[in-house]
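Each chain gets a letter, A, B and so on, in the order its sequence line appears, and its residues count up from 1. When reading the values below, keep in mind they use all heavy atoms of this one structure, side chains included, and skip hydrogens, waters and symmetry mates.
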2 protein chains.
Amino acid sequence: MELEDRKSKILTAIIRNYLETGEPVGSRTISKFTDLQLSSATIRNEMADLEEMGLIIQPHTSAGRIPTDKGYRFYVDQMMEARKHEFDDEKQLLLQRVDRMEAALKQLAKVLAANTNYATLVSAPTYTQNKLKFIQLSRVDEAKILAVIMTQANIVKSTLVDLNEDISEDDVLKMNVLLNASLNGLSVDEINLNIINSLKTEAKELSRAVEPILTAIAQAVTGDKDEPQIYTSGTTNIFKYPELSQSNSATELIGAFEEKQPLNELVLSSMNKEGIQVYIGEESPFENLKDCSVVTANYDLGDGLHGIVGIVGPKRMDYERVVGTLHGLKNQLDAIYKEMGTKKISDSGIGKDE
Amino acid sequence: MELEDRKSKILTAIIRNYLETGEPVGSRTISKFTDLQLSSATIRNEMADLEEMGLIIQPHTSAGRIPTDKGYRFYVDQMMEARKHEFDDEKQLLLQRVDRMEAALKQLAKVLAANTNYATLVSAPTYTQNKLKFIQLSRVDEAKILAVIMTQANIVKSTLVDLNEDISEDDVLKMNVLLNASLNGLSVDEINLNIINSLKTEAKELSRAVEPILTAIAQAVTGDKDEPQIYTSGTTNIFKYPELSQSNSATELIGAFEEKQPLNELVLSSMNKEGIQVYIGEESPFENLKDCSVVTANYDLGDGLHGIVGIVGPKRMDYERVVGTLHGLKNQLDAIYKEMGTKKISDSGIGKDE
DNA sequence: GTTAGCACTCGAAGAAAATGAGTGCTAATA
DNA sequence: TATTAGCACTCATTTTCTTCGAGTGCTAAC
């Protein structure tokens with residue numbers, strides 16, 4: 001949408017002011033606030049126009065104006081366009097190196113929440129496309145095997161397989177060799193019926209054990225689709241914004257952040273999108289967030305590991321700072337994990353560096 | 001504390017009524033509510049006595065009475081004493097069997113929250129005293145080993161060990177045999193300097209690899225002391241009780257439930273105590289809970305696995321029901337895990353039954 | 001020891017009034 | 001023609017005042 005320059009300036013001024021105060025903004029304020037040198041009466045006329053265009057609205061007669069979703073959208077688009085190439089990468093968050101993936105993500109959410117004063121969420125990376133590095137079977141008792149799977153990205157998963165029939169130590173060893181020979185370097189998706197059948201053939205008398213083991217491996221590596229790993233922090237920040245904490249959706253919001261499950265919709269939706277996304281009010285993919293704005297950034301650690309970082313706040317969120325912060329974070333994450341190189345990322349959380 | 005029978009009846013009536021309504025209770029209400037056949041004037045006299053004894057209090061002149069912490073304490077003690085042998089074990093929660101420990105505990109918290117309308121927390125079992133079943137070392141690359149540890153309770157932990165010097169496939173195998181021979185059946189606490197030294201001696205040229213591996217194992221099995229595994233649910237239930245949601249500590253409360261860290265104090269404190277504990281207001285080991293009551297039960301799954309289940313609500317909580325529910329749950333948990341027998345409990349959460 | 005009766009207290013709820021930020025419109029001005 | 005000063009009007013918010021009633025403590029009678 002194109003907008004007369006003066007109108008644009010006034011709209012921006014209104015929004016900026018509202019972001020700060022959270023109070024409806026009157027014409028007199030703008031008249032003094034800007035360097036436009038216009039009287040409040042003139043501003044009033046322009047404001048009437050802006051209201052007609054659906055960019056601002058009066059909560060009630062004789063109140064100032066507040067931005068509509070559409071108004072915010074205009075502001076954000078304009079800001080994103082202007083700042084495209086000059087985001088503040090200097091102001092990096094203090095993100096100390098941590099050994100463990102899980103702890104790192106938790107800390108990330110925490111730091112981000114503390115820095116922005118909004119609620120944050122970080123999704124653990126999904127790793128479906130990750131290739132198998134090796135599989136280690138160990139016999140636990142007569143009919144049970146512990147399978148440990150390590151992927152190229154050094155994620156370790158373990159699973160106990162119940163075979164329903166006895167198996168000897170020797171056979172476990174054979175099976176181990178066989179599995180590694182056949183599956184090494186494959187991603188879970190690539191394990192198809194062909195491979196399974198040839199595995200069974202080669203396994204000969206052990207063929208009946210192949211299926212449960214593969215099933216267990218697949219399930220272990222794929223992870224729980226229903227229960228997403230999401231780390232949250234700063235949920236209580238929403239109490240800092242009366243328009244959120246007093247809305248009846250506050251409870252739902254906190255509930256969603258506690259259960260995490262409901263946030264998955266949001267994660268999935270922005271996982272596919274490149275770069276930084278801004279959802280304003282109704283634009284949100286998730287019903288409960290319709291009184292909020294959400295800014296998300298997706299990260300990519302290579303090896304098919306990717307997830308998102310999200311910030312949830314009131315519509316009058318400091319978009320500029322939030323987008324800037326997330327932008328910087330994205331770069332920082334990239335750098336850290338590029339540097340980490342071969343270093344481990346352990347899922348069960350017990351990887352150690354040195 | 002011993003109390004005149006009539007006074008006790010009146011106090012109980014006041015508390016019962018207050019638990020229901022949350023409103024101060026007046027003399028007339030009690031006069032009709034009970035079967036004591038006393039006029040309101042008499043009740044008033046008794047109430048004046050009870051107030052003098054510090055069991056009830058007037059929020060302001062010309063208001064009814066509400067129980068003090070001391071009053072609640074009297075009520076709870078009396079109730080616990082009376083019901084000691086007749087808790088309602090019939091009303092068992094629908095706790096379907098789940099494969100994975102983590103999921104089971106999460107679900108437990110959830111079910112409990114839904115059933116009681118309070119906030120709940122469940123601590124994952126600590127397992128320091130648990131004995132090692134076997135250790136499996138796998139060579140990941142030149143200088144890195146993946147150590148997988150399984151304990152008697154079938155908890156699986158994995159950790160990546162960086163040796164800082166190359167090691168051959170053969171040596172890993174030797175080390176594997178050595179470790180299992182020496183450590184099998186020991187608990188982590190039992191691995192002392194003696195054992196470590198004799199291990200080093202036996203390891204000969206590999207002795208330098210012993211220490212980092214043992215350190216990693218110890219750390220893996222001991223788990224993070226700082227970051228307790230606590231599952232919570234129903235935090236938003238506190239919004240159902242105005243006296244909590246409107247108190248300024250509501251934010252802190254929710255924050256504590258989100259961060260979990262602060263709850264650890266509570267967990268540790270009631271971990272040592274047998275049976276069911278009731279903390280009323282100031283009695284709570286945790287500052288932020290001074291406007292609440294907390295009821296905890298510790299569970300014991302054998303093999304040194306034990307943790308706690310807690311319910312946090314307003315002081316005017318339905319103690320009778322909560323204590324009953326926890327009591328039943330305790331029995332149920334015992335039964336389930338007795339039945340489970342050798343079945344696995346996988347920490348990385350990927351144990352499967354059949 | 002119990003109870004009826006009564007004056008008294010004080011929070012809660014409501015009504016009325018005062019306040020003031022902000023508007024829209026009109027007529028004067030550059 | 002665009003801008004502005006001026007003014008009447010609106011309406012949420014705040015304050016003040018009033019009313020209401022639940023509940024008390026005390027006293028005197030039973």
Task: Check: D:dT10 base within 3.5 Å donor-acceptor of A:Ser62 side chain - done: yes
TODO: Applying side chain to side chain contact (heavy atoms under 4.5 Å, CB included) between B:Ile10 and each of B:Asp49, B:Leu36, B:Thr42, B:Ile56, report the one that passes.
DONE: B:Leu36
So if I take every side-chain heavy atom of [X] and compare against [options], which nucleotide ends up nearest?
| X | options | result |
| --- | --- | --- |
| B:Arg65 | D:dT3, D:dT24, C:dC10 | D:dT24 |
| A:Thr61 | D:dT24, D:dC11, C:dC10 | D:dC11 |
| A:His60 | D:dA12, C:dT2, C:dT23 | D:dA12 |

Contact class for [X] vs. all strands (heavy atom < 4.0 Å): base, sugar-phosphate, or nothing?
| X | result |
| --- | --- |
| A:Glu46 | nothing |
| B:Thr42 | base |
| B:Ser27 | sugar-phosphate |

Task: First encountered from the 5' end of DNA chain D, between B:Ala41 and B:Gly64 - done: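 Per heavy-atom nearest nucleotide, the more 5' residue is B:Gly64.
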Open item on the list: Looking only at the side chains, is there a donor atom on one of B:Ser27 and B:Arg44 sitting less than 3.5 Å from an acceptor on the other?
Closed with: yes
- [ ] Please check the phosphate of C:dT2 (OP1 and OP2 only) for any side-chain N or O of B:Arg6 closer than 4.0 Å.
- [x] yes
Open item on the list: Between A:Tyr241 and A:Tyr118, is the ring centroid distance below 6.0 Å?
Closed with: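 A:Tyr241 vs A:Tyr118: aromatic centres under 6.0 Å.
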